[in-house]
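Predicted model only: the values in this text are computed from it and were never measured. The first residue of the sequence shown is numbered 1, and numbering continues consecutively from there.
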Amino acid sequence: MHVNGLLHQFADSGGYDHVDPFTPPPEQVQLVACAEYQERGKLLKKCRYTSSGVLRRTISHYEGRYRIRVHEARTGRLVGTHGMAGQDSVMCTGFVEEGPDSVVIETPDDVSLRAFLRPYARGERP
């Protein structure tokens with residue numbers, strides 16, 4: 001069973017969207033997973049960027065909380081709904097463009113999503 005076979009992958013792509021080479025054709029997709037943002041969780045890290053000793057920008061990273069719904073692709077029937085947290089650790093980048101302070105809500109990473117969806121892909125009930 002393929003889970004969300006139409007998912008585009010962004011990790012390690014240099015910022016450009018590309019399709020996973022192992023993505024099955026649409027007619028073979030049996031399940032679709034939808035992640036819906038629910039709320040902001042705990043503060044993970046504040047990244048402060050300075051220039052000449054002056055604070056220029058702060059980016060606050062928060063854990064996101066999501067509701068994951070798994071649907072049967074052909075019928076749209078809801079197979080399961082579960083809560084899931086976004087990534088729980090972040091690293092500040094070495095450089096950012098100047099701009100206003102901002103907030104980033106972290107999403108679940110690919111490894112966590114695949115682990116969560118694996119039982120569905122195997123036809124098991126989590």
Chemist: Are Val96 and Val104 in one and the same hydrophobic cluster, where Ile, Leu, Val, Met, Phe, Trp and Tyr link if side-chain heavy atoms are under 4.5 Å apart?
Modeler: yes
Chemist: Would you give the length of the straight line joining atom CD of Gln38 to atom CZ of Arg65, rounded to the nearest 0.5 angstrom?
Modeler: 11.0 Å
Chemist: What is the minimum heavy-atom distance between Lys45 and Cys92, and which atoms define it?
Modeler: CD-SG, 3.4 Å
Chemist: Nearest 0.5 Å please: distance from the CZ atom of Arg40 over to the CD atom of Glu106.
Modeler: 12.5 Å
Chemist: State, yes or no, whether a side-chain contact exists between Ile59 and Lys46 at a heavy-atom distance under 4.5 Å.
Modeler: no
Chemist: Heavy atoms only: give me the nearest Tyr37-Ile105 pair and the separation to one decimal.
Modeler: CE1-CG2, 3.5 Å
Chemist: With a 4.5 Å heavy-atom cut-off, do Arg56 and Thr50 have their side chains touching?
Modeler: no
Chemist: Nearest 0.5 Å, what's the OG-NE2 distance between Ser102 and His61?
Modeler: 7.5 Å
Chemist: Run the numbers on Tyr49 and Thr93 for side-chain hydrogen bond (donor to acceptor under 3.5 Å, both in side chains), then give the verdict.
Modeler: CA-CA 9 Å; Tyr49 298 93; Thr93 60; 3.2 Å; yes
Chemist: Give, for atom CG of Asp109 and atom CZ of Arg114, the distance between the pair rounded to the nearest 0.5 Å.
Modeler: 9.5 Å
Chemist: Is there a chain of hydrophobic side chains (I, L, V, M, F, W, Y, each step under 4.5 Å between heavy atoms) that links Val79 to Tyr66?
Modeler: yes
Chemist: Could you state the interatomic distance from CE (Met84) to CZ (Phe116), rounded to the nearest 0.5 Å?
Modeler: 6.5 Å
Chemist: Between Ala85 and Pro108, what is the shortest heavy-atom contact and its length?
Modeler: O-CG, 3.8 Å
Chemist: Which value, rounded to the nearest 0.5 Å, describes the distance between Glu98 atom CD and Ser51 atom OG?
Modeler: 7.0 Å
Chemist: Work out which heavy atom in Tyr120 is nearest to a heavy atom in Gly80; give both atom names and the distance.
Modeler: OH-CA, 3.6 Å
Chemist: Mind listing the closest non-hydrogen atom pair of Gln87 and Leu44 along with its distance?
Modeler: O-CD1, 3.4 Å
Chemist: Would you list the atom pairs, donor with acceptor, under 3.5 Å between side chains in residues 67-77 and any protein atom, with sequence neighbours excluded?
Modeler:
residue	atom	partner	partner atom	Å
Arg67	NE	Glu36	OE1	3.4
Arg67	NH2	Glu36	OE1	2.4
His71	ND1	Gly76	O	3.0
Glu72	OE1	Thr75	OG1	2.5
Arg74	NH2	Glu27	O	2.9
Thr75	OG1	Arg77	N	3.1

